[in-house]
Number of protein chains: 2
Amino acid sequence: MDNQVKQVATISEMANLLKILSEPNRLGILEKIMDGVQCNCELGDALQIAPNLISHHLSVLRDAGLIETERDPLDARWVYYSININKLEELRMVCNEFFDPKRVKPRMIACGPSFSKKLIKN
Amino acid sequence: MDNQVKQVATISEMANLLKILSEPNRLGILEKIMDGVQCNCELGDALQIAPNLISHHLSVLRDAGLIETERDPLDARWVYYSININKLEELRMVCNEFFDPKRVKPRMIACGPSFSKKLIKN
DNA sequence: CGTATAATTCAACGATCATTGAACTATATT
DNA sequence: AATATAGTTCAATGATCGTTGAATTATACG
């Protein structure tokens with residue numbers, strides 16, 4: 001029961017993370033930041049997205065903990081976005097575990113004709 | 001250019017796969033099938049989802065190539081769903097590569113005060 | 001202070017998609 | 001043939017969310 005409750009939380013947490021990354025523009029932004037720290041206009045130029053939309057997507061990524069922000073020391077109008085390496089590694093590990101083919105188990109009959117046949121046999 | 005075109009396709013392909021898996025009920029169904037081959041009603045019982053909704057989600061997973069179907073040899077009304085191991089492994093590898101912290105590179109200045117300062121210097 | 005710039009926030013709109021309820025298809029039994 | 005069962009498909013509805021356009025905030029410069 002306790003194990004089951006924990007599992008349910010993992011599904012929705014994971015689904016949430018996958019949803020955040022499933023938006024093509026947002027995924028593209030994340031990938032661009034992996035190429036190196038970026039500011040809003042660099043991302044916009046590279047991906048042909050308006051500044052306000054870039055801001056919106058960056059906000060979602062930041063709230064998810066995947067990126068971090070820092071203002072330029074010379075001119076605070078410039079905000080730089082970088083990858084949160086720890087969170088990225090965590091994400092990678094979660095995917096590694098969840099999509100591990102070793103998790104795949106054989107059938108445990110709970111219904112169907114074989115189930116009925118089994119009942120009759122017992 | 002050719003490399004860039006290829007990269008764009010990868011982003012949308014990956015985003016599409018992530019979107020498929022980002023729906024909690026669908027992710028839960030996939031996970032349940034990993035526990036062993038399932039039929040529609042076993043999945044419905046386990047996850048408290050109506051048969052038609054189960055069918056819908058299974059259809060999406062099948063179209064994505066993540067699961068495979070087989071009818072019961074004794075009674076064709078029963079349809080069993082199993083994981084496509086190869087596709088699962090492929091998914092895992094794609095995540096491994098995309099979310100690899102080793103991909104993260106340092107900043108290449110393309111704009112901002114440091115960029116202006118650099119221009120003035122040259 | 002007025003103007004410019006980088007970025008952010010806000011709210012409305014339209015597109016997408018999960019869910020619902022009904023209908024349908026295929027198989028099996030009497 | 002009638003009835004039951006497992007599963008699928010269809011279409012409408014409502015919820016979610018990306019995008020758009022406008023407004024705002026903060027910073028910088030002359």
Side-chain angles (χ1 to χ4, degrees), chain A residues 11-12 15-30 33 37-64 67 69-81 109-117 120, chain B residues 11-12 15-16 18-30 33 37-45 47-64 67 69-81 109-117 120:
Chain A
I11 289 280
S12 66
N16 185 56
L17 211 42
L18 294 179
K19 170 152 291 187
I20 284 165
L21 296 168
S22 68
E23 206 285 307
N25 281 329
R26 196 141 65 221
L27 192 60
I29 287 171
L30 188 74
I33 298 177
V37 173
Q38 310 277 332
C39 63
N40 183 305
C41 56
E42 281 165 345
L43 289 166
D45 288 345
L47 301 171
Q48 297 303 302
I49 304 177
N52 57 314
L53 189 49
I54 293 279
S55 278
H56 166 70
H57 286 314
L58 288 172
S59 181
V60 175
L61 289 170
R62 187 176 60 240
D63 290 347
I67 61 171
T69 69
E70 183 181 8
R71 285 188 179 266
D72 193 296
L74 299 181
D75 187 338
R77 288 174 301 180
W78 268 265
V79 184
Y80 303 117
Y81 300 88
I109 298 170
C111 97
S114 303
F115 182 68
S116 310
K117 199 171 181 181
I120 290 172
Chain B
I11 288 279
S12 65
N16 184 55
L18 295 179
K19 170 153 291 189
I20 285 165
L21 296 168
S22 68
E23 207 285 309
N25 280 330
R26 194 139 69 221
L27 191 61
I29 287 171
L30 188 74
I33 300 176
V37 173
Q38 311 276 333
C39 64
N40 183 304
C41 56
E42 281 165 343
L43 289 167
D45 288 345
L47 301 170
Q48 297 302 301
I49 304 177
N52 57 315
L53 190 47
I54 293 280
S55 277
H56 165 71
H57 287 312
L58 287 172
S59 180
V60 175
L61 289 169
R62 187 175 59 241
D63 290 346
I67 62 171
T69 69
E70 183 182 9
R71 283 186 183 270
D72 193 294
L74 299 179
D75 187 336
R77 287 174 300 180
W78 267 266
V79 184
Y80 302 116
Y81 299 89
I109 298 169
C111 98
S114 303
F115 183 68
S116 308
K117 201 169 180 182
I120 292 172

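Convention: sequence-line order gives letters A, B, ...; per-chain numbering from 1.
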In terms of side-chain heavy atoms of B:His56, which of C:dT19, D:dG18, D:dT8 is nearest? C:dT19
Picking from D:dA28, D:dT20, C:dT19, the nucleotide nearest the side-chain atoms of A:Leu53 would be D:dT20
Looking only at non-hydrogen atoms, find the nearest pair between B:Lys19 and B:Arg26 and report the distance. O-NH2, 4.0 Å
A side-chain contact here means heavy atoms from C-beta on lying under 4.5 Å apart; do A:Asn25 and A:Leu47 qualify? no
Tell me the interatomic distance from B:His57, atom NE2, to C:dA18, atom C1', rounded to whole angstroms. 6 Å
Selected nucleotide, minimal atom distance to B:Arg26 side chain, candidates D:dT27, C:dA18, D:dT8: C:dA18
Figure out the CG/P separation between A:Asp45 and C:dA7, and round it to whole Å. 10 Å
Selection from D:dT19, C:dT19, D:dT8 that lies nearest to any side-chain heavy atom of B:Tyr81: D:dT8
Distance-only donor-acceptor test (3.5 Å): side chain A:Asn52, base D:dG21: yes
Which of the following nucleotides, D:dG18, D:dT8, C:dA18, is nearest to the side chain of A:Glu23? D:dG18
Nearest to the A:Arg77 side chain among C:dT19, C:dA7, C:dT5, which nucleotide is it? C:dT5
B:Trp78 side chain: which of C:dA7, D:dG7, C:dA28 is closest? D:dG7
